[in-house]
Amino acid sequence: MAEDKPGILQGTLDLMVLKTLETMGPLHGYGIARRIEQTSEDALQLNQGTIYPSLTRLLQKKWITGEWGTSENNRKAKFYSITKAGRKQLAHEARSWERISGVIGRVLKTVSSGE
Amino acid sequence: MLGWLRMVASRICGWLWPRRADEEFARELESHLEMLTAENVRRVMPPEEAQRAARLRLGGMMQISERRREMHTLPLLEAFVQDVRYGLRTLRKSPGFTSVAVLTLALGIGANTAIFQMIDALRLRVIPVKEPQELMTVQLADPTGMRGSEASAYPVLTNAIWEKLRDSQEVFSGLLAWGSNSFGLTPGGEGRLAQGLFVSGDFFQVLGVRPLMGRVFTASDDRRGCGLPGAVVSYAFWQRELGGDPSAIGHQLTVNYHAVEIIGVTPPHFFGLEVGRSYDVAVPICSQAVLWSEGNWLDGGTVWWLNVVGRLKPASTREKANAQLAVISPGIFQSTLPSNYPVENVKDYVRFKLGVAPAGSGVSWLRTQYSASLSLLLGTAGLVLLIACANLANLMLARATTREHEFTVRFAIGASRSRLIGHSMAESLVLALLGGALGLSLAGALSQFLVASLGTQDDPLFLDLKLDWRLLAFTFGLASLTCTLFGLVPALRASRVSPAEAFKTTGRTATASRKRYGFRQGLVVSQVALSLVLVVGALLFSGSLRNLLTVDTGFSQNGVVLADLDLFRRLNVPYAARVEFKQDLLQKIRALPGVVSAGEVEIVPLSGSNTENLVWVEGTKRASEVDSKFNSTSDGYFKTMSIALLAGRDFSPQDTVSSPKVAIVNQTLARKLGLGSNPIGKTFRRQATPSEPEQSFEIVGLVADAKYSSLREDFAPIAFLSTSQDPQPAPFAQFVIHSAAPMAEAVSNVRSVVAEASPLITADFQPFETTILAGLTRERLMAKVSGFFGLLAALIAAVGLYGVMSYLVAQRRNEFGIRVALGAQRRDVLSLVLRSAALLLAPGLVLGAFLSVAAAQAARAMLFGLKPSDPGVLVAAMAGLGFIALSASFLPARRAMRVDPMVTLRYE
């Protein structure tokens with residue numbers, strides 16, 4: 001069960017999925033994966049399947065909900081949307097992400113300037 | 001925290017319905033794949049290439065599904081379920097071990113649960129009425145100076161005090177009163193009794209008990225002069241007497257020879273306010289005047305018979321209620337002072353204060369009587385369970401030894417240590433749960449048996465022994481505890497294998513399991529020690545019972561029948577003619593074949609009734625006051641009971657209402673009054689009572705000492721008065737009849753004499769011995785149950801010793817064979833094995849002796865004629881247990897003796 005520990009990579013993916021759902025509204029798995037690839041300007045080439053464990057985790061925490069619907073091309077697909085608790089969590093996570101990245105950035109800068 | 005809970009909940013769902021979620025996810029992935037393929041097709045890939053590229057982009061579908069499945073269910077739980085299944089399978093393979101284990105556990109858990117069930121019903125539960133915690137008993141804060149007759153074992157008030165309190169109080173939001181009594185249900189002939197309840201009009205409203213059928217009483221039913229406005233019956237009575245007839249309302253009942261209509265039935269859970277007894281028929285308090293033609297308790301200011309219970313106002317507390325009652329008490333007692341209250345105690349009466357005590361769990365004579373016994377029995381049952389656990393641990397260890405190889409192999413091929421422990425524990429858990437389930441069903445039967453053996457025919461016991469969450473929690477808590485107790489050490493040991501050793505040897509070696517064996521020895525020693533405690537307990541209780549049964553009572557109960565007669569309630573005989581009527585009846589009985597003698601007595605010895613007054617020698621101005629018991633008898637009583645008349649004369653029909661008052665005293669009273677061995681002709685005075693003024697009695701006889709109200713007491717001073725000098729004989733009488741004829745014949749002869757005298761007389765017969773045994777219910781219960789536990793413990797310990805000795809013999813088989821081959825006598829081998837058994841037994845017995853002496857202190861109050869550390873008992877218990885245990889090890893010892901040296905040598 002080591003995979004369940006919120007490692008940085010895993011947590012980042014969760015955060016990105018949440019953010020995507022917040023800005024785009026309800027989306028299916030393929031859509032989420034595409035969107036993440038696009039916004040990262042294809043810098044992040046996902047093994048698209050890896051978003052599913054992330055979706056499962058978010059579903060279990062009730063931060064997102066899933067519902068079967070029909071896609072733009074008339075395909076059956078499961079659409080995910082962010083919940084109220086999800087938005088709250090996103091805001092919280094985003095803040096702490098910024099704080100941490102800020103701290104790390106500063107630390108890295110001082111270290112490199114100290115050399 | 002919330003997120004975590006949600007996750008667990010969703011995991012449990014996923015675990016319970018895996019297929020649905022799996023299928024859904026497969027469809028989701030399928031649709032994702034289609035979208036990716038479509039995208040590739042848009043990028044003008046050939047269809048096959050498009051699909052392959054899509055699969056690559058998505059990643060391994062199997063891996064994704066598996067990851068999701070892992071996240072979605074409970075892997076630990078799944079492993080656990082596997083362990084349990086495996087455990088069940090291995091247990092099924094050894095039915096002998098499984099049944100012994102489950103049975104011992106079931107006995108242990110069952111006994112504990114049964115006793116806990118009684119404690120729960122008696123002590124822990126509140127009564128099933130609305131907001132029971134608001135109910136408070138209203139009672140005399142200090143009953144010193146209370147005179148008259150008390151008709152209840154609980155704190156009671158007189159009707160006058162109750163009425164005054166009811167009409168003048170503002171302390172409680174509601175107030176109720178009740179008194180219990182037996183009601184005769186038959187119109188005549190042989191008596192049949194129901195548990196009767198006199199209740200105030202508001203009784204059911206204040207308690208919040210609504211009728212199941214019909215109606216309950218209201219304040220308007222309970223008015224002076226109400227007659228018999230109706231009866232409310234309990235659900236149990238309705239089922240038993242009326243077969244649950246839905247048209248029972250309006251049905252006529254006979255209560256004390258009066259017809260009364262049933263107006264309502266109460267719901268099944270309501271049994272009254274007395275835990276341990278269920279009411280049958282309730283009538284208003286005002287009906288007492290009708291049901292007792294003589295002796296009006298409504299106006300009799302010295303009959304204390306009503307239990308008063310109030311419901312606190314919402315904001316009130318016990319302290320506030322006490323303070324408010326203290327304020328109104330003087331007014332109540334000053335205005336209710338009975339005119340016949342003995343002068344010397346009037347000052348006490350007007351100073352009485354009312355106070356409250358919590359009544360939320362009802363009142364219970366049973367509770368006070370049995371609390372200590374039940375706690376002790378629970379402790380005993382706990383010990384039995386502990387011994388059973390030690391035994392099981394031993395069995396599990398033995399199994400672990402034989403399965404060592406299996407465990408080693410499992411470990412070698414990659415099972416983790418925690419998994420091995422889990423596997424062992426799962427097996428214990430299965431055993432414990434099976435034992436618990438069987439124990440629970442055993443407990444039902446056991447507690448029924450306990451309840452039945454606590455009640456008597458005349459006074460059946462009622463305890464609401466329902467299966468509630470508390471009981472279930474107790475049983476399964478106990479089961480899991482036992483599982484840990486007997487499973488953990490074997491599990492830890494089983495897991496301590498090293499794969500390197502795994503394949504080295506499968507044969508027997510002399511040293512392989514020395515350490516393990518040491519632990520098992522320790523278990524046996526503690527088993528023997530604990531068993532000794534239980535055997536000592538059993539001997540102490542049965543010894544006390546025997547002492548009580550053989551104690552010198554001063555009278556003989558052999559061949560004595562007790563006749564309970566309702567003479568004058570329907571048969572109209574004026575006071576003046578009653579003495580003669582009874583004398584005639586006694587004469588006819590004495591003339592019956594086989595009857596040695598017969599007499600009347602007011603208070604049957606050992607029945608628990610009690611009358612006490614202060615007496616002093618005439619002319620000493622109360623300088624030498626003695627608190628003496630009183631009883632009234634006719635002539636012939638002492639002869640019937642074989643109580644020796646040491647000096648003077650027996651009463652005679654010549655002692656009449658108009659002749660000087662006479663008395664017979666026993667030795668103790670004569671001694672305490674300082675009258676020595678010949679008090680005949682002396683006179684003593686008795687203090688005033690509510691019914692009679694202070695007066696003198698001339699002593700005409702001296703009798704030998706005899707027990708009065710209980711077997712445990714020392715001989716008390718007793719003054720006997722003559723029933724023939726009673727100016728107002730009661731409608732009831734009790735005759736004692738000593739007959740040489742068989743009991744049944746004597747009873748039927750007397751019954752026909754009584755019926756001949758008048759068909760309006762109701763008579764009940766009982767061997768006097770039954771009364772004595774009824775008074776020893778608690779002692780008999782303790783002797784029976786502790787005897788059973790003691791025996792059980794001794795057996796379990798013997799089985800434990802047998803197991804360890806068998807193991808030892810199996811381990812040392814080769815050594816014995818070689819010894820015999822080298823010329824040792826078979827006798828020597830036998831004594832060698834028995835000696836090692838004795839080496840286990842001895843420290844167990846010594847340790848047990850110390851434990852017993854300490855534990856027996858808890859039972860000190862319940863013993864009679866035995867000290868908790870009685871050396872005889874201790875020695876007997878040690879010898880008995882030692883004998884049983886040594887006999888158990890004799891079987892393996894014989895097996896050792898029969899080892900064939902040739903077989904051994906060939907094997908080596």
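Throughout, a chain's letter reflects where its sequence line sits, starting with A, and its residues are numbered from 1.
Of the two parts of Leu58(B), the backbone and the side chain both hold a non-hydrogen atom closer than 4.5 Å to a non-hydrogen atom of chain A. Proximity to chain A (any heavy atom under 4.5 Å) is shown, for Glu24(B), by both the backbone and the side chain.
Residues passing the ring pair (Phe, Tyr, Trp, His ring centres under 6.0 Å) test with Phe79(A), sequence neighbours excluded: His28(A). Partners of Arg55(B) according to the salt bridge (Lys or Arg N to Asp or Glu O under 4.0 Å) rule, which considers only residues two or more places apart in sequence or in another chain, do not exist here.
With rounding to the nearest 0.5 angstrom, the NZ atom of Lys78(A) is 11.0 Å from the CG atom of Leu29(B). Rounded to the nearest 0.5 angstrom, Tyr30(A) OH and Arg57(B) CZ are separated by 7.5 Å.
In Arg52(B), the CZ atom is not crowded: 12 or fewer heavy atoms of neighbouring residues, nucleotides or ligands sit closer than 6.0 Å.
At a heavy-atom cut-off of under 4.5 Å, chain A is reached by no residue from residues 84-93 of chain B. Using a 4.5 Å heavy-atom cut-off against chain A, the contacting residues of residues 32-43 of chain B are His32(B), Glu34(B), Met35(B), Leu36(B), Ala38(B), Glu39(B), Arg42(B), Arg43(B).
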